[in-house]
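Working notes for the structure below.
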There are 2 protein chains.
Amino acid sequence: MQTNCLKQGETMFVNINAHPGSRPKALGQLGELSRAKVILSEFKYNKGTEIFGEAEPADYIYQVANGAVRTHKLLSDGRRQIGAFHLAGDIFGLENGATHRFTAEAIVDTTVRLMKRCSLEHVAETDAMVALDLLNMTTTNLRHAEEHMLLLGRKTSLERVAAFLLEMDPRLTAAGVMALPMSRRDIADYLGLTLETVSRALSHLHGMGILGFLGQTQRQIVLLDRIRLAELDL
Amino acid sequence: MQTNCLKQGETMFVNINAHPGSRPKALGQLGELSRAKVILSEFKYNKGTEIFGEAEPADYIYQVANGAVRTHKLLSDGRRQIGAFHLAGDIFGLENGATHRFTAEAIVDTTVRLMKRCSLEHVAETDAMVALDLLNMTTTNLRHAEEHMLLLGRKTSLERVAAFLLEMDPRLTAAGVMALPMSRRDIADYLGLTLETVSRALSHLHGMGILGFLGQTQRQIVLLDRIRLAELDL
DNA sequence: TGCCCCTCTTGATGCAGATCAAAGGTTCAC
DNA sequence: GTGAACCTTTGATCTGCATCAAGAGGGGCA
């Protein structure tokens with residue numbers, strides 16, 4: 001792989017926006033990779049901004065410190081498929097090859113931690129434990145992608161939306177309320193539907209008494225009957 | 001992970017059907033994993049038979065010696081999504097966890113090479129090179145799954161069939177003829193369509209002069225215009 | 001040779017979800 | 001504070017693919 005990465009100007013990503021005192025904690029939070037001692041800093045992205053683009057060189061790997069990130073692919077005519085949503089603690093942008101396979105954007109104002117990819121790679125070449133950590137993370141991504149292929153290829157719109165809610169529930173629900181950071185369009189592009197169909201499915205679940213909306217924005221959802229919701233997702 | 005795998009009866013998979021003299025060659029062909037010296041044998045599966053089932057313990061990893069394999073997931077009502085087709089040389093059934101995430105079946109009479117998973121795992125724990133080999137293979141699978149999510153979520157039926165032909169072309173075409181081992185139903189379940197829609201798309205491409213059928217079975221295809229075919233797959 | 005089964009194609013019809021459209025609510029820039 | 005842009009819902013209509021249906025090879029086997 002590339003070995004010249006240390007030459008690149010890494011000062012452009014100096015941590016200027018990190019919260020005071022957050023650095024030591026950050027070091028302990030790059031998950032299992034913490035045993036690989038590598039360069040780490042923080043960076044902040046405003047809502048809607050691009051973190052990296054598809055086919056760009058993958059010089060860093062990222063972890064969401066707070067906020068939310070979507071990764072997507074585009075067809076030449078603009079059709080979009082979101083591959084995953086990344087929430088606090090998630091690692092994304094981990095590539096084995098030299099370039100990113102997705103575009104990553106901040107869904108809301110988001111702080112990420114950065115790690116030099118090549119330094120990690122170098123460690124992995126000699127440290128089997130680090131290599132196994134990378135393997136575990138990649139396997140987690142693969143498992144998710146495999147489940148999502150089944151959803152995209154064979155599930156109905158209601159099943160997809162039910163599956164989405166069940167996937168987000170443990171990740172986003174706090175104090176009984178699920179606060180979705182993403183728009184209906186994002187959900188639609190994740191589930192291979194249109195935003196209207198997502199909206200109708202949510203209204204339908206609301207009508208069935210399976211969920212309730214809180215506040216005005218329709219992005220605060222309360223799951224009232226997880227049992228029936230799970231029955232809708234075959 | 002599990003460490004008791006050496007206790008399990010591995011004699012049940014003794015190589016009885018391997019071609020004489022094929023063993024030494026086989027050992028040199030488990031791709032990059034050849035450096036990990038592990039148990040290896042061959043086994044033959046008849047057309048349509050199951051090689052392993054979803055959620056079964058993953059005691060072995062497999063390589064297609066000859067033939068073709070499909071891996072799929074099922075919904076409770078029988079809807080099927082094929083995740084990948086595996087052809088000669090391909091490795092499948094590689095899991096990081098303890099169980100298989102797909103069911104694998106032989107599409108035609110197929111010979112596979114087997115390798116004890118746990119012995120490999122043991123090697124990977126200490127040998128970073130082997131661990132990186134596993135990472136590379138898993139990444140290859142992930143990349144494929146990511147591309148397939150885009151296809152399943154956002155492409156039209158004609159685009160899907162075009163993409164399928166372009167994917168199989170370099171793998172199956174010999175002497176200008178692509179000999180598909182799988183049925184229209186298999187293709188449909190891979191592409192998230194019905195077999196009728198796949199048949200219509202192929203007929204349409206035939207009518208456009210982009211492909212021709214050879215013989216009677218409709219599984220021998222000649223690609224006549226790869227340029228226009230590629231233009232159909234956005 | 002002839003029959004059955006399996007695969008594939010093709011046509012007719014149906015429907016889930018896409019598209020088109022409109023209106024109310026929220027957020028943000030100025 | 002006001003207007004513009006965006007987000008979401010809901011209704012009407014359209015359409016691509018699914019479903020239902022029929023029939024034509026082809027291959028295996030008695």
Side-chain angles (χ1 to χ4, degrees), chain A residues 46-49 70 75 77-81 105 107-109 151-162 164 179-208 211-221 232 234, chain B residues 46-48 70 75 77-81 107-109 151-162 164 179-208 211-221 232 234:
Chain A
N46 289 325
K47 173 179 177 176
T49 58
R70 59 177 177 249
L75 292 178
D77 65 352
R79 279 173 282 172
R80 182 176 72 152
Q81 179 62 44
E105 294 165 343
I107 297 175
V108 294
D109 290 355
L151 178 147
L152 293 171
R154 289 301 180 212
K155 290 188 182 178
T156 67
S157 61
L158 194 60
E159 288 165 357
R160 293 179 201 212
V161 171
F164 170 77
L180 296 173
M182 70 288 284
S183 69
R184 299 291 189 260
R185 171 169 295 280
D186 286 339
I187 299 171
D189 285 348
Y190 180 59
L191 300 178
L193 300 169
T194 60
L195 65 92
E196 292 95 332
T197 298
V198 171
S199 179
R200 278 183 241 272
L202 288 171
S203 296
H204 187 214
L205 293 171
H206 186 204
M208 292 172 77
L211 60 80
F213 292 107
L214 223 69
Q216 320 302 348
T217 70
Q218 328 303 111
R219 291 202 193 175
Q220 312 246 78
I221 289 176
L232 291 175
L234 292 196
Chain B
N46 288 326
K47 174 180 177 175
R70 59 178 177 247
L75 292 178
D77 65 353
R79 278 172 283 172
R80 181 177 72 152
Q81 179 63 43
I107 297 175
V108 294
D109 290 355
L151 179 148
L152 293 170
R154 287 305 179 208
K155 290 188 183 180
T156 67
S157 63
L158 194 59
E159 289 165 355
R160 292 178 202 213
V161 171
F164 170 76
L180 297 173
M182 70 288 284
S183 69
R184 299 291 188 258
R185 172 169 293 281
D186 286 339
I187 299 171
D189 284 349
Y190 179 58
L191 299 178
L193 301 169
T194 60
L195 66 93
E196 293 94 332
T197 297
V198 171
S199 179
R200 278 184 242 271
L202 288 171
S203 297
H204 187 216
L205 293 171
H206 186 204
M208 292 172 78
L211 60 81
F213 292 108
L214 223 68
Q216 320 303 346
T217 69
Q218 326 305 110
R219 292 202 193 176
Q220 311 246 78
I221 290 176
L232 291 176
L234 292 196

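Labels below follow one simple rule: chain letters A, B, ... track the order of the sequence lines, proteins then strands, and each chain is numbered from 1.
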Which value, rounded to the nearest 0.5 Å, describes the distance between [X] atom [atom1] and [Y] atom [atom2]?
{"X": "A:Leu75", "Y": "B:Glu159", "atom1": "CG", "atom2": "CD", "result": "6.5 Å"}
{"X": "A:His204", "Y": "A:Leu211", "atom1": "NE2", "atom2": "CG", "result": "11.0 Å"}
{"X": "B:Phe164", "Y": "B:Leu151", "atom1": "CZ", "atom2": "CG", "result": "11.0 Å"}
{"X": "B:Arg219", "Y": "B:Met182", "atom1": "CZ", "atom2": "CE", "result": "9.0 Å"}

Quick one: does [X]'s side chain have a donor or acceptor within less than 3.5 Å of a partner on [Y]'s backbone?
{"X": "B:Arg160", "Y": "B:Lys155", "value": "yes"}
{"X": "A:Ser199", "Y": "A:Leu195", "value": "no"}
{"X": "B:Asp109", "Y": "B:Lys47", "value": "yes"}

[X] has an atom [atom1]; how far is it from atom [atom2] of [N], in whole Å?
{"X": "A:Leu180", "N": "D:dC7", "atom1": "CG", "atom2": "P", "result": "15 Å"}
{"X": "A:Met182", "N": "D:dC6", "atom1": "CE", "atom2": "C1'", "result": "18 Å"}
{"X": "A:Asp189", "N": "D:dT8", "atom1": "CG", "atom2": "P", "result": "12 Å"}
{"X": "B:Glu159", "N": "D:dC17", "atom1": "CD", "atom2": "C1'", "result": "14 Å"}
{"X": "A:Leu195", "N": "D:dT9", "atom1": "CG", "atom2": "P", "result": "9 Å"}
{"X": "B:Asp186", "N": "C:dT7", "atom1": "CG", "atom2": "P", "result": "9 Å"}
{"X": "A:Leu205", "N": "D:dT9", "atom1": "CG", "atom2": "C1'", "result": "15 Å"}
{"X": "A:His206", "N": "D:dT8", "atom1": "NE2", "atom2": "P", "result": "16 Å"}

5' to 3', nucleotides 15-30 of chain C under a 4.0 Å protein heavy-atom cut-off (B base, S sugar-phosphate only, - none) gives --SSBB-----S----
Just N and O in the side chain of B:Arg184: are any of them under 4.0 Å from OP1 or OP2 of C:dT9?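 Affirmative; the distance criterion is met.
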Identified side-chain contact (heavy atoms from CB on, under 4.5 Å) partner of A:Leu180 from the options A:Ile107, A:Ile221, A:Thr217: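 The option that passes is A:Ile221.
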When you measure from the side chain of A:Arg219, which nucleotide among D:dT9, C:dC8, D:dT8 comes out closest?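 Closest nucleotide to the A:Arg219 side chain: D:dT8.
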At 10 degrees resolution, what angle do the end axes of the helix from C:dT1-D:dA30 to C:dC30-D:dG1 form when each is taken over five base pairs?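 The end-segment axes of the helix from C:dT1-D:dA30 to C:dC30-D:dG1 are tilted 40° relative to each other.
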Under 3.5 Å donor-acceptor pairs involving side-chain atoms of residues 185-193 of chain B, not counting sequence neighbours:
unit_1, atom_1, unit_2, atom_2, d
B:Asp186, OD1, B:Arg70, NH1, 3.4
B:Asp186, OD1, B:Arg80, NH2, 2.8
B:Asp186, OD2, B:Arg70, NH1, 3.0
B:Asp189, OD1, A:Arg154, NH2, 2.8
B:Asp189, OD2, B:Arg80, NE, 2.6
B:Asp189, OD2, B:Arg80, NH2, 2.9
B:Tyr190, OH, B:His144, NE2, 2.9
B:Tyr190, OH, B:Glu167, OE1, 2.8
B:Tyr190, OH, B:Glu167, OE2, 3.0

